[in-house]
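Presented below is the structure to which this report refers.
Throughout, protein chains are lettered first and strands after them, A, B, ... in sequence-line order, and every chain is numbered starting at 1.
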2 protein chains.
Amino acid sequence: MSTIAIVIGEKYYNKDPQSSDLGKNIVSASMELMDELGFEQFTFRKLAERIKSTEASIYRYFDNKLKLLVYLTTWYWAWIEYVIDFRTHHIQDDEEKIREIIKIICHVDRDVIDIDLPGINISSLRRVVVSESDKTYLTKQVDEINNQGLFKVFKGLCHKIAMVLTGINPNYRYPHAIASTMLEASHQQAFFAQHLPSLTEVSEKSNISVEKQVYCFLEETTFKLLK
Amino acid sequence: MSTIAIVIGEKYYNKDPQSSDLGKNIVSASMELMDELGFEQFTFRKLAERIKSTEASIYRYFDNKLKLLVYLTTWYWAWIEYVIDFRTHHIQDDEEKIREIIKIICHVDRDVIDIDLPGINISSLRRVVVSESDKTYLTKQVDEINNQGLFKVFKGLCHKIAMVLTGINPNYRYPHAIASTMLEASHQQAFFAQHLPSLTEVSEKSNISVEKQVYCFLEETTFKLLK
DNA sequence: TTTTTCATGATAGTATTACTATTACGAATA
DNA sequence: TATTCGTAATAGTAATACTATCATGAAAAA
């Protein structure tokens with residue numbers, strides 16, 4: 001049984017967390033602790049306590065918690081891109097392809113997405129991404145982070161989706177705008193369904209899963225826009 | 001010449017900031033300082049220094065900076081709703097109405113939106129809303145804040161827009177989802193154009209303003225979806 | 001085997017943040 | 001004249017976001 005490794009470039013960290021047990025522990029525990037506490041309440045001190053290490057040791061891997069969040073979300077997007085490649089490379093038809101992509105983005109078919117990854121709790125990570133990922137760019141440090149190339153993976157994913165959209169309708173003028181809007185909406189609508197239900201028709205009370213409902217919404221939306 | 005007052009309910013504050021000079025100063029200066037520093041770097045201490053008052057005095061008006069941000073964004077949405085009412089009450093046709101609403105949301109026609117409001121710099125406030133408003137709900141305190149009714153104004157606006165959409169096509173299944181997605185997208189796309197241009201076709205380099213481009217994108221999107 | 005390197009742990013320290021509490025002052029009101 | 005009330009001044013606390021130093025123990029190099 002083989003295992004996949006998502007490799008994250010060195011600009012994302014001071015010391016590669018995949019290179020040591022402590023590092024793997026930091027990544028693994030930070031996903032769960034950030035899920036539990038939320039980004040604001042999450043601190044390196046609490047993380048150190050959880051993994052029985054020290055603040056100083058964690059700082060050797062990541063400059064600060066924002067950089068750690070950027071690392072975690074990048075890991076998630078790299079993983080999503082891997083799953084997309086894996087599950088769409090054999091599909092010729094772009095319409096079929098985009099359906100599969102939206103499915104993956106919306107986290108429908110959990111069983112297929114949740115391939116066994118050592119030390120990674122995809123469900124935790126997904127909740128972190130839904131609730132916290134926007135904070136990677138909604139900060140005065142956006143330009144700095146962006147100049148360091150730390151949004152490259154997300155941009156690449158957005159572009160990949162935009163290319164499929166262009167394949168369906170080469171005359172559509174907003175492929176990237178729609179791709180980024182859809183990526184954001186896939187999180188927002190799930191979040192709203194849970195916390196601010198009057199902002200969406202997607203409902204936790206339906207007998208269809210929230211993920212499936214968001215998929216239906218985005219699928220319908222995408223195809224209507226491309227006509 | 002008359003002046004309009006946007007009245008914000010008492011659950012949003014400890015002491016009504018509109019009831020004193022100090023209060024008005026807090027609101028007015030916090031918009032500008034939060035615009036300058038961003039939510040994370042903004043503190044009550046810095047705000048107190050700016051207005052030559054004290055931390056303790058500001059705490060008498062607002063519990064903490066998250067509540068202040070909720071107040072500011074609520075003020076913004078109440079203002080947007082006022083402008084929508086003012087500029088669409090005479091329009092019968094729902095299609096025409098939604099165009100006007102999207103225009104207002106996207107901040108096209110600055111001159112009309114920027115009615116003189118004492119102590120309020122709408123441009124500053126708008127930038128704060130674009131960059132920081134999502135943080136009002138992307139926190140572990142969402143449910144608490146929501147239970148206090150502090151998202152009512154935003155929800156009301158979303159519902160108002162959804163009703164107009166339903167007026168255009170009573171069979172469309174996602175009026176609220178589309179309204180919330182559009183409200184979010186109107187900020188995101190403008191933000192992306194400025195900081196992460198590869199995520200959108202909206203460009204600062206065009207000779208059409210970013211606001212107008214976002215308007216065109218949302219207008220096209222809305223009408224395609226309602227067919 | 002000894003030495004060097006290196007990762008981590010232990011400990012401590014600093015400036016800042018997010019508050020809370022107490023008291024005092026000065027203006028308006030009773 | 002006394003009282004109330006809003007604000008300022010000051011101080012204090014626990015926690016945060018780091019930085020720095022040094023000890024230790026294991027692995028790698030000599």
Side-chain angles (χ1 to χ4, degrees), chain A residues 10 12-30 33-34 36-72 119 132 135-136 138-141 144-145 148, chain B residues 10 12-30 33-34 36-72 119 132 135-136 138-141 144-145 148:
Chain A
E10 36 183 68
Y12 288 89
Y13 45 75
N14 289 328
K15 185 184 151 94
D16 186 1
Q18 311 240 35
S19 72
S20 71
D21 285 350
L22 177 62
K24 286 174 198 154
N25 244 305
I26 289 171
V27 170
S28 174
S30 67
L33 194 60
M34 214 180 274
E36 285 171 35
L37 303 178
F39 184 68
E40 286 75 22
Q41 295 308 309
F42 172 93
T43 69
F44 278 5
R45 183 167 302 239
K46 289 171 187 168
L47 178 59
E49 272 165 35
R50 169 75 59 107
I51 61 175
K52 296 200 161 43
S53 178
T54 62
E55 242 183 314
S57 298
I58 297 169
Y59 274 105
R60 247 174 247 119
Y61 286 85
F62 295 100
D63 275 340
N64 51 56
K65 67 173 173 176
L66 179 60
K67 286 278 193 77
L68 172 56
L69 179 62
V70 171
Y71 180 92
L72 295 181
E132 320 293 355
K135 295 169 191 169
T136 58
L138 292 178
T139 158
K140 286 285 172 186
Q141 298 157 77
E144 194 190 316
I145 297 175
Q148 288 166 36
Chain B
E10 38 182 68
Y12 288 89
Y13 45 76
N14 288 328
K15 185 183 150 95
D16 186 2
Q18 311 240 38
S19 71
S20 71
D21 284 349
L22 177 62
K24 285 175 199 156
N25 243 306
I26 289 171
V27 170
S28 174
S30 66
L33 195 59
M34 214 179 275
E36 284 171 37
L37 303 178
F39 184 68
E40 286 74 22
Q41 295 309 308
F42 172 92
T43 69
F44 278 6
R45 183 168 302 240
K46 289 171 187 169
L47 177 59
E49 271 165 35
R50 169 76 58 108
I51 62 174
K52 296 202 161 42
S53 178
T54 63
E55 241 183 314
S57 298
I58 296 169
Y59 275 104
R60 244 175 254 117
Y61 287 86
F62 294 101
D63 275 339
N64 52 54
K65 68 173 172 174
L66 180 60
K67 286 279 193 76
L68 172 56
L69 179 61
V70 171
Y71 179 92
L72 296 182
E132 320 293 355
K135 295 169 191 170
T136 56
L138 292 177
T139 160
K140 287 284 171 187
Q141 298 157 76
E144 194 189 316
I145 297 175
Q148 288 165 34

* Side chains of A/L22 and A/Y61: closer than 4.5 Å at any heavy-atom pair? -> yes
* Expressed in angstrom and rounded to an integer, what is the separation of A/N25 atom CG from C/dT8 atom C1'? -> 13 Å
* Between CG on residue A/N25 and CG on residue A/L47, distance to nearest 0.5 Å -> 9.0 Å
* May I ask you to verify if any side-chain N or O of A/T54 is less than 4.0 angstrom from the OP1 or OP2 atom of C/dA10? => no
* In whole angstroms, how far is the P atom of D/dT13 from the CZ atom of B/R45? -> 15 Å
* For A/Y71 and A/S30, run side chain to side chain donor-acceptor pair (under 3.5 Å): C-alpha distance rounded to whole Å, both residues' side-chain angles, the deciding distance at 0.1 Å, then the answer. => CA-CA 11 Å; A/Y71 180 92; A/S30 67; over 6 Å; no
* Base, sugar-phosphate, or nothing: which does B/Y59 touch, judged by heavy atoms less than 4.0 Å apart? -> base
* B/Y61 vs D/dT7: side-chain N/O to OP1/OP2 distance below 4.0 Å -> yes
* **Sole candidate of A/K65, A/R45, A/R50 that passes salt bridge (Lys or Arg N to Asp or Glu O under 4.0 Å) when paired with A/E55** => A/R45
* Round to the nearest Å and state the distance from B/R60 atom CZ to C/dT22 atom P. => 13 Å
* If you pin B/L22 and A/D63 to their nearest nucleotides in DNA chain D, which one's is more 5'? -> B/L22
* Side-chain N or O of B/S53 closer than 4.0 Å to phosphate OP1/OP2 of D/dA8 -> yes
* Taking OP1 and OP2 of C/dT8, is either one under 4.0 Å from a side-chain nitrogen or oxygen of A/S20? -> yes
* Asked: Counting only N and O atoms by type, is there a donor-acceptor contact under 3.5 Å from the side chain of B/K46 to the main-chain atoms of B/Q41?
  -> yes
* Asked: Can you tell me how far P of D/dG6 sits from NZ of B/K24, to the nearest Å?
  -> 15 Å
* Mind calculating the distance between NZ (B/K46) and C1' (C/dA18) to the nearest angstrom? => 13 Å
* Separation of atom CD in A/E55 from atom C1' in D/dA15, rounded to whole Å -> 11 Å
* Counting only side-chain N and O atoms of B/K15, is one of them less than 4.0 Å from OP1 or OP2 of D/dC5? -> no
* Asked: Where each residue is assigned the nucleotide of DNA chain D containing its nearest heavy atom, which of A/Q41 and B/A56 is assigned the position nearer the 5′ end?
  -> B/A56
* Euclidean distance, atom CD of residue B/E49 to atom C1' of D/dT10 [Å, nearest integer] -> 15 Å
* Asked: Expressed in angstrom and rounded to an integer, what is the separation of B/D21 atom CG from D/dC5 atom P?
  -> 19 Å
